[in-house]
Amino acid sequence: MPVVCSSCEKKNAVLKRPKTGFSLCKDCFFWAFEEEVHQTISSARLFTAGETVGIGASGGKDSTVLAHVMKVLNERYGYGLDLMLLSVDEGITGYRDDSLETVKRNQQQYDLPLKIVSYQELYGWTMDAIVKQVGLKNNCTFCGVFRRQALDRAAMMLKVDKICTGHNADDVAETVLMNFLRGDIARLRRCTAITTGSEGAIPRCKPLKYAYEKEIVLYAYFKKLDYFSTECVYSPNAYRGHARAFLKDLESIRPSSIVDIIHSGENLSVKEDVKMPVQGICVRCGYISSQKLCKACVLLEGLNRGLPKLGIGKHHKLHHKLLAQEPLTEKEEKKLKAVDF
Ligand code: SF4
Ligand code: ZN
């Protein structure tokens with residue numbers, strides 16, 4: 001027997017909301033999902049009328065749903081925002097080239113301007129080339145650091161006031177768990193913030209912070225959104241994978257676990273005497289950095305010198321040598337060259 005939608009009590013329900021367990025019809029689900037994102041945006045005052053907002057677009061489900069919902073809400077509630085899509089081409093054959101085709105179609109479908117920046121043009125390296133040099137263990141460290149800067153640079157080129165990204169509740173909960181497991185207190189404090197980067201960087205926010213991944217998939221599916229769902233060919237991130245699997249297990253027993261973990265992260269207080277990094281500026285490229293050289297510049301130096309381990313782990317002591325262009329000792333070179341990392 002068909003179940004009636006518990007919201008409108010007229011149409012038949014087509015789904016059970018993963019977040020609340022309510023049976024809803026398609027339209028009531030769309031409405032509930034969009035309203036919750038609107039709630040997130042308005043209660044945290046993420047945007048101000050007149051701002052230009054760049055949506056980080058990868059062609060995946062999260063950013064596609066984000067672009068769609070931002071456009072809907074901007075019109076429905078008169079946010080007064082100028083929206084555009086920002087994409088990063090990491091240079092990953094068989095993955096990013098295809099997903100960028102999706103972004104280009106989204107640009108047409110949503111009628112939004114699109115800017116694509118590539119690792120090749122910004123750094124002189126594609127991820128394909130980086131993986132050839134560093135292997136498949138730490139490739140995501142390079143990719144993550146480079147992407148962050150690349151998105152900022154695209155945003156600066158377009159004079160964007162704010163960037164929003166498609167990080168969802170599952171991503172945030174996963175990151176809380178990972179930072180907790182690693183004892184990374186500085187990141188733990190930052191990772192639940194809905195807006196980050198007020199000191200010098202272009203502010204970033206996460207309008208989907210409380211949206212469950214399962215609901216994003218349902219929304220994209222029922223709206224028939226055009227998105228790309230293949231995993232990156234270089235995705236080894238084993239640690240995150242374990243955190244993800246653990247979270248999914250918890251969710252299957254108690255769906256509210258995801259949001260509970262986010263709330264725990266938000267409410268953790270950090271002892272006063274925990275030393276937090278002080279933000280400055282990279283002396284080489286001008287990007288925000290808590291060290292003399294930003295992480296991207298150190299990683300890049302390592303790649304260009306054939307010393308890929310330079311930016312992995314703590315080698316801050318070598319920064320002055322790099323800046324002074326002093327040669328490294330044989331022992332230092334050997335340590336940084338090893339490909340077993
Ligand atoms: Fe980059 Fe790793 Fe993500 Fe692939 S999985 S896009 S290499 S961060
Ligand atoms: Zn730099």
Side-chain angles (χ1 to χ4, degrees), residues 55-67 85-104 106 114-154 163 165-168 170-175 177-179 182 184 187 190-191 196 204 206 208 213 216-217 227-245 247-248 287 294-300 302-303 308-313 339 341:
I55 302 168
S58 67
K61 62 179 185 342
D62 301 305
S63 62
T64 304
V65 166
L66 177 65
L85 302 174
L86 305 177
S87 285
V88 177
D89 180 1
E90 298 95 342
I92 302 176
T93 314
Y95 168 64
R96 188 53 86 216
D97 40 2
D98 293 341
S99 60
L100 282 176
E101 288 310 311
T102 313
V103 176
K104 287 178 196 160
N106 289 159
L114 164 69
K115 172 80 188 163
I116 303 175
V117 287
S118 72
Y119 285 6
Q120 177 64 47
E121 72 185 79
L122 291 177
Y123 309 112
W125 286 81
T126 60
M127 272 315 287
D128 287 340
I130 293 174
V131 167
K132 273 203 192 109
Q133 185 177 127
V134 311
L136 278 172
K137 214 165 155 201
N138 281 297
N139 54 310
C140 293
T141 304
F142 288 83
C143 195
V145 171
F146 287 167
R147 184 182 306 106
R148 192 171 177 85
Q149 272 205 20
L151 207 54
D152 273 340
R153 298 220 197 161
I163 299 173
T165 57
H167 291 101
N168 60 41
D170 298 53
D171 297 328
V172 178
E174 227 169 82
T175 309
L177 281 178
M178 287 200 347
N179 288 332
R182 285 185 183 134
D184 192 334
R187 285 216 174 87
R190 263 179 295 150
C191 73
T196 51
R204 286 183 182 223
K206 310 181 188 92
L208 301 182
E213 180 164 69
I216 290 175
V217 174
Y227 69 92
F228 182 81
S229 54
T230 306
E231 279 248 353
C232 170
V233 288
Y234 302 137
S235 162
N237 215 328
Y239 204 57
R240 185 171 278 275
H242 287 304
R244 170 163 294 231
L247 192 69
K248 290 280 174 225
Y287 192 74
C294 74
K295 190 86 176 164
C297 282
V298 178
L299 289 169
L300 206 51
L303 285 172
K309 278 177 94 175
L310 192 60
I312 309 286
V339 280
F341 68 106

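All values below come from the heavy atoms of this structure, side chains included, with hydrogens, waters and symmetry mates left out. Whatever order the structure lists ligands and atoms in, that order sets their numbers, starting from 1.
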Next item on the list: Hey, can you tell me if Tyr95 and Phe228 have their rings parallel, tilted or perpendicular (30° and 60° cut-offs)?
Entry: tilted
Looking at [X], which atoms of ligand 1 are within less than 4.0 Å of one of its heavy atoms?
X	answer
Cys143	1 (Fe), 6 (S), 7 (S), 8 (S)
Cys232	4 (Fe), 5 (S), 6 (S), 7 (S)
Ser235	5 (S)
Asn139	7 (S)

Between the main-chain N or O of [Y] and the side-chain N or O of [X], is there a donor-acceptor pair closer than 3.5 Å?
X	Y	result
Asn139	Tyr234	yes
Ser63	Ser58	yes
Arg153	Arg148	no

Check: Hey, is atom 2 (Fe) of ligand 1 within less than 2.8 Å of some N/O/S atom on Cys140?
Finding: yes
Item checked: Arg147 heavy atom under 4.0 Å from ligand 1 -> yes
Margin query: Quick one about Asp152 and Tyr287 (side-chain donor to acceptor, distance below 3.5 Å, no hydrogens or angles considered), yes or no?
Written below: yes
